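As structure tokens, the structure follows; a few thoughts come after it.
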Amino acid sequence: MKIKSYAAMAAGQALELYEYDAAALSAEEVEVEVEYCGVCHSDLSMIDNEWGISSYPTIAGHEVIGRVCALGAAAANKGLSIGQRVGIGWTAKSCQHCDACINGEQVNCQHGTTATILNHGGFAEKLRADWQWVIPLPEKLDAASAGPLLCGGITVFKPLLMSNITATSRVGVIGIGGLGHIAIKLLRALGAEVVAFSSTPAKKQSILDMGADEVVNSRDAEALKKQAGRFDLILSTVAVDLDWKPYFTALAPKGKFHTVGAVMKPFQVSAFELIMGDKAITGSSTGSPGQLRSLLKLAARADIAPQVEFFPMSKINDALEHVRAGKANYRVVLKADF
């Protein structure tokens with residue numbers, strides 16, 4: 001069986017139409033016909049081999065919405081059915097039997113997870129993942145815009161679960177882009193007080209419209225000083241190095257600074273900055289199948305949808321350049337048109 005896709009044949013190259021031979025469907029696998037696939041900065045990192053783990057041809061894409069078109073023998077009785085609309089995110093496989101998997105922490109599988117991109121990703125007419133990573137899509141959720149929830153959404157939802165965020169929590173979000181804008185919508189649905197830290201004053205009204213209670217100019221040193229001692233959680237979504245000290249100072253006692261942005265430089269913080277006030281620095285990756293299901297149910301119930309713009313998949317290189325240039329508003333989604 002041949003599957004059509006768009007693949008990078010070498011690091012940094014434009015994607016090309018590429019067909020590959022798919023092996024027989026394994027017992028645990030589900031095959032999904034792609035309808036929509038979001039574009040994430042992680043796709044660009046994999047295409048460009050920024051993390052040193054890519055192999056070529058690389059078929060990126062890991063924010064997939066589509067319909068089940070085939071079920072492996074062991075996947076046929078796991079609650080999925082042919083024609084059902086589902087989503088697939090960053091992870092495609094985990095062992096299912098190690099302590100982490102048994103405890104619902106499949107993302108930390110002790111035998112290692114397989115990323116969707118390394119399993120042939122969603123910039124294609126079809127893709128595959130093990131049944132537990134194929135997430136049923138609630139009927140009330142808009143299929144066209146839901147894809148970014150499966151990566152960007154779960155990336156910012158998991159820290160809220162880890163920190164037990166409730167309606168009494170005060171949370172700061174650094175960076176109101178593809179991840180940050182979803183974080184604001186989720187926090188609003190949970191009833192928390194939300195303060196956005198943005199370096200772009202022109203975004204202020206749109207950020208308030210998303211549900212933020214306040215917007216702080218992150219380039220204004222005096223405005224940052226006024227935040228001292230306020231926050232139960234500060235969630236950083238940026239992948240660039242900043243002066244982090246004002247944010248550590250902004251934490252309330254027992255507050256957490258949590259990063260999901262892949263900043264390549266070490267965080268500069270003194271021990272006393274953490275000791276005084278019992279503060280912590282934490283981080284997290286993507287979420288488990290159970291957390292993904294919870295996120296989609298919440299999004300359906302609270303009418304949470306990422307703000308997206310669409311490109312046909314046949315214009316995928318235009319879409320990638322749009323994201324590279326920082327022009328996405330706020331996420332880009334490809335519509336399959338093979």
Side-chain angles (χ1 to χ4, degrees), residues 103-105 107-108 152-177 179-199 204 207-208 210-288 291 294-295 298 302 304:
N103 284 317
E105 294 290 337
V107 70
N108 295 318
I154 190 63
T155 298
V156 295
F157 183 56
K158 184 176 178 179
L160 309 187
L161 298 177
M162 291 171 65
S163 297
N164 299 311
I165 296 303
T166 69
T168 64
S169 304
R170 181 179 287 157
V171 181
V173 180
I174 305 173
I176 315 305
L179 273 66
H181 91 284
I182 302 176
I184 289 173
K185 293 186 176 192
L186 290 169
L187 286 161
R188 172 54 54 201
L190 294 174
E193 182 178 347
V194 191
V195 177
F197 293 93
S198 174
S199 62
K204 180 175 181 178
I207 294 171
L208 292 171
M210 290 171 197
D213 294 286
E214 184 181 345
V215 181
V216 175
N217 185 344
S218 59
R219 297 184 187 275
D220 185 337
E222 290 303 313
L224 290 177
K225 285 181 182 178
K226 293 177 181 178
Q227 309 307 311
R230 289 190 70 187
F231 298 99
D232 303 300
L233 172 69
I234 293 180
L235 176 60
S236 177
T237 69
V238 298
V240 295
D241 191 39
L242 301 175
D243 177 9
W244 302 108
K245 183 175 173 55
Y247 298 105
F248 298 134
T249 302
L251 293 173
K254 297 186 179 180
K256 293 180 181 179
F257 177 94
H258 190 104
T259 182
V260 295
V263 181
M264 302 310 290
K265 292 185 178 180
F267 288 103
Q268 297 297 316
V269 56
S270 69
F272 276 109
E273 195 73 55
L274 302 177
I275 291 170
M276 303 305 291
D278 301 335
K279 300 172 185 178
I281 300 176
T282 57
S284 60
S285 59
T286 187
S288 68
Q291 291 167 338
S294 294
L295 170 60
L298 173 61
I304 297 170

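Being a predicted model, the structure only gives us computed values, none of them experimental.
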Nearest-0.5 Å distance that lies between atom CG in Leu298 and atom CG in Leu160: 9.5 Å
Test log, rule side-chain contact (heavy atoms from CB on, under 4.5 Å), inputs Arg230 and Glu193: CA-CA 11 Å; Arg230 289 190 70 187; Glu193 182 178 347; 3.5 Å; yes
Parallel, tilted or perpendicular: ring planes of Phe257 versus Phe267, cut at 30 and 60 degrees: perpendicular
Side chain proximity check, Lys158 to Val260, heavy atoms < 4.5 angstrom: no
For the student: nearest non-hydrogen atoms of Gln291 and Leu161, plus distance: CG-CD1, 3.9 Å
Identified side-chain contact (heavy atoms from CB on, under 4.5 Å) partner of Val194 from the options Ile184, Leu186, Ile207: Ile184
Between CG on residue Leu251 and CD1 on residue Ile234, distance to nearest 0.5 Å: 4.5 Å
Under 3.5 Å donor-acceptor, Ser169 side chain and Val171 backbone: no
Taking every non-hydrogen atom, the tightest pair across Ser163 and Leu233: OG-CD1, 3.8 Å
Full working for side-chain contact (heavy atoms from CB on, under 4.5 Å) between Gln227 and Thr249: CA-CA 8 Å; Gln227 309 307 311; Thr249 302; over 6 Å; no
Heavy-atom donor-acceptor pair, Ser218 side chain to Ser199 backbone, under 3.5 Å: yes
Rounded distance [0.5 Å steps], CD in Glu222 versus NZ in Lys226: 7.0 Å
Value rounded to 0.5 Å, distance of CE in Met162 from NZ in Lys256: 6.0 Å
Ile174 vs Leu242, side-chain contact (heavy atoms from CB on, under 4.5 Å): CA-CA, chis, key distance, verdict: CA-CA 11 Å; Ile174 305 173; Leu242 301 175; 4.2 Å; yes
Enclosure of Lys204 NZ (heavy-atom neighbours >12, cutoff 6.0 Å): no
Salt bridge present between Arg170 and Glu214 (N-O < 4.0 angstrom): no
Salt bridge (Lys or Arg N to Asp or Glu O under 4.0 Å) assessment of Asp213 paired with Arg188: CA-CA 9 Å; Asp213 294 286; Arg188 172 54 54 201; 3.0 Å; yes
Ile304 side, atom CD1; Leu190 side, atom CG - distance, nearest 0.5 Å: 7.5 Å
Closest heavy-atom pair and its distance - Ile176, Phe197: CG1-O, 4.2 Å
Closest contact, heavy atoms only, Ala223 versus Val216: CB-CG1, 4.0 Å
Thr155 side chain reached by Ile182 side chain, heavy atoms, under 4.5 Å: no
Intermediate values then yes/no, side-chain contact (heavy atoms from CB on, under 4.5 Å), Trp244 and Val263: CA-CA 12 Å; Trp244 302 108; Val263 181; 4.1 Å; yes
Point-to-point distance, once rounded to the nearest 0.5 Å, from OG of Ser288 to CG of Asn108: 9.5 Å
Heavy-atom pair of closest approach, residues Ser285 and Val107: OG-CG2, 3.8 Å
Heavy-atom pair of closest approach, residues Val215 and Ser198: CG1-CB, 4.4 Å
